[in-house]
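Worth saying up front: this structure is predicted, and the values here are computed from it rather than measured. A note on names: the letters A, B, ... follow the listed sequences, proteins ahead of strands, and every chain is numbered from 1.
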Amino acid sequence: MITIATWNVNSIRTRMHAVTKWLTDASPDVVCLQEIKSTSENFPFMEIEALGYNVEILGQKSYNGVAILSKRPFDEISERGLPGDDSDEQARYIEAVISGDKRPFRVASIYLPNGNPAPGPKYDYKLAWMDRLMAHAQGLLKHEEALVLAGDYNVIPEAKDVYAPSEWLTEALYMPTTRKKFQEFLGIGLTEAFAQMDGRAGQYTFWDYQRGAWQNNEGIRIDHLILSPQAADNIVDLKIHKMTRDGIKPSDHVPVVGTFDF
DNA sequence: ATGGTCGGTCCCCGA
């Protein structure tokens with residue numbers, strides 16, 4: 001079995017104690033991190049490697065930044081940056097191929113743009129980025145292999161995934177245009193792991209730091225594992241690690257962890 | 001209608 005997790009850590013250096021504890025407790029095989037907010041020069045490679053992980057990152061100063069950690073060696077880092085726009089300098093996509101006991105699998109760490117305020121240039125960038133992701137995923141699906149597109153999608157798929165849907169109708173994460181494009185993306189032949197494995201209302205992955213959102217369970221579900229048919233056929237468990245939202249200096253996101261018979 | 005909270009960096013921006 002291979003466990004694959006996604007976690008937006010909101011700064012790797014500030015979060016190192018929480019990340020170290022969770023890696024030790026949960027011991028996932030593969031971890032996709034987002035918002036590391038770090039360049040390669042400042043990334044804590046040694047501390048994470050000491051826990052038994054190979055580490056590959058696409059970083060930038062101050063904002064964004066993604067990483068993949070893997071207990072198994074990487075066969076290949078197949079992409080650094082999302083193809084489709086050479087002028088895009090934001091570090092939001094890294095992709096690797098890793099071998100399981102039964103089959104190789106491809107995994108991507110994705111930090112999809114937030115898009116607020118909408119409408120506006122940031123929302124236009126979000127929609128264009130989703131178009132590029134869809135085009136790239138269509139190419140990957142032709143390989144007919146196990147593929148896990150893991151990350152912070154900044155998309156609330158349905159009303160049941162947000163504590164107060166009516167308050168989010170003008171937010172870039174929940175606007176009808178956003179949800180429609182996300183469904184279009186799934187429609188190319190992908191499966192959202194949570195929808196397949198659980199699907200219950202009120203299962204959130206993010207709670208804002210403000211207004212006591214965590215204490216009042218005012219959350220949203222925006223961190224997703226998106227699967228090719230070969231991955232969807234082999235997922236055996238999916239869990240949201242809510243426990244990490246407690247404690248000292250938590251991230252505002254929690255890990256989503258899938259178990260696969262790879 | 002407003003203010004509320006984080007993180008990174010440089011005196012404000014993004015979420």
> Regarding A/Arg103 and the six-membered ring of A/Phe262, is the cationic atom NZ or CZ under 6.0 Å from the ring centre and inside 45° of its axis?
Replying inline: no

> Rounding to a whole Å, what distance do you find between A/Arg92:CZ and B/dA15:P?
Replying inline: 6 Å

>> Taking B/dA1 as the reference, what is the distance to B/dC12 when you measure between their C1' atoms (whole Å, please)?
In response: 23 Å

> Starting at the 5' end of DNA chain B, which residue's closest nucleotide do you reach first, A/Arg211 or A/Arg13?
Replying inline: A/Arg211

> Under 4.5 Å between any side-chain heavy atoms of A/Ile68 and A/Phe74, yes or no?
Replying inline: yes

>> Please pick, from B/dG4, B/dT9, B/dG7, the nucleotide with the shortest atom-to-atom distance to any side-chain atom of A/Lys61.
In response: B/dT9

>> Rounding to an integer number of Å, can you tell me how far A/Tyr125 OH sits from B/dA15 C1'?
In response: 15 Å

> So, do A/Asn10 and A/Arg15 sit near enough that their side-chain heavy atoms are less than 4.5 Å apart?
Replying inline: yes

> Taking atom P of B/dA15 as reference, at what distance in whole Å does atom OH of A/Tyr111 sit?
Replying inline: 5 Å

>> Does either side chain, that of A/Thr20 or that of A/Glu47, offer a donor lying less than 3.5 Å from an acceptor on the other one?
In response: no

> Say you pick atom C1' in B/dG7 and the same atom in B/dC11; how far apart are they, in whole Å?
Replying inline: 16 Å

> Do A/Arg179's NZ or CZ and the ring of A/Tyr174 fall within the cation-pi criteria of under 6.0 Å and 45°?
Replying inline: yes

>> Using heavy-atom distances to pick each residue's nearest nucleotide on DNA chain B, tell me which of A/Lys37 and A/Asp252 is more 5'.
In response: A/Lys37

> Atom CD of A/Gln90 and atom C1' of B/dC13: how far apart are they, to the nearest Å?
Replying inline: 13 Å

>> When the C1' atoms of B/dG14 and B/dC10 are compared, how many Å lie between them, rounded to an integer?
In response: 15 Å

>> Whole angstroms only, please: what is the CD-P distance between A/Gln60 and B/dG7?
In response: 19 Å

> How close or far is atom C1' of B/dA15 from atom OH of A/Tyr209, stated in whole angstroms?
Replying inline: 10 Å

>> Please determine whether a side-chain nitrogen or oxygen atom of A/Thr14 lies at a distance below 4.0 Å from atom OP1 or OP2 of B/dG7.
In response: no

> Side-chain N or O of A/Lys249 less than 4.0 angstrom from OP1 or OP2 on B/dG7?
Replying inline: yes

>> Expressed as a whole number of angstroms, how long is the span from A/Trp207:CH2 to B/dC6:C1'?
In response: 17 Å

>> Please classify the nucleic acid contact of A/Phe206 as base, sugar-phosphate, or nothing, using heavy-atom distances under 4.0 Å.
In response: nothing

> B/dA15 P sits how many Å from A/Asn8 CG, rounded?
Replying inline: 11 Å

> Rounding to the closest angstrom, what is the interatomic distance between B/dT9 and B/dC13 at atom C1'?
Replying inline: 9 Å

>> By nearest atom, which of the nucleotides B/dT9, B/dG7, B/dA15 is closest to the A/Asn10 side chain?
In response: B/dG7

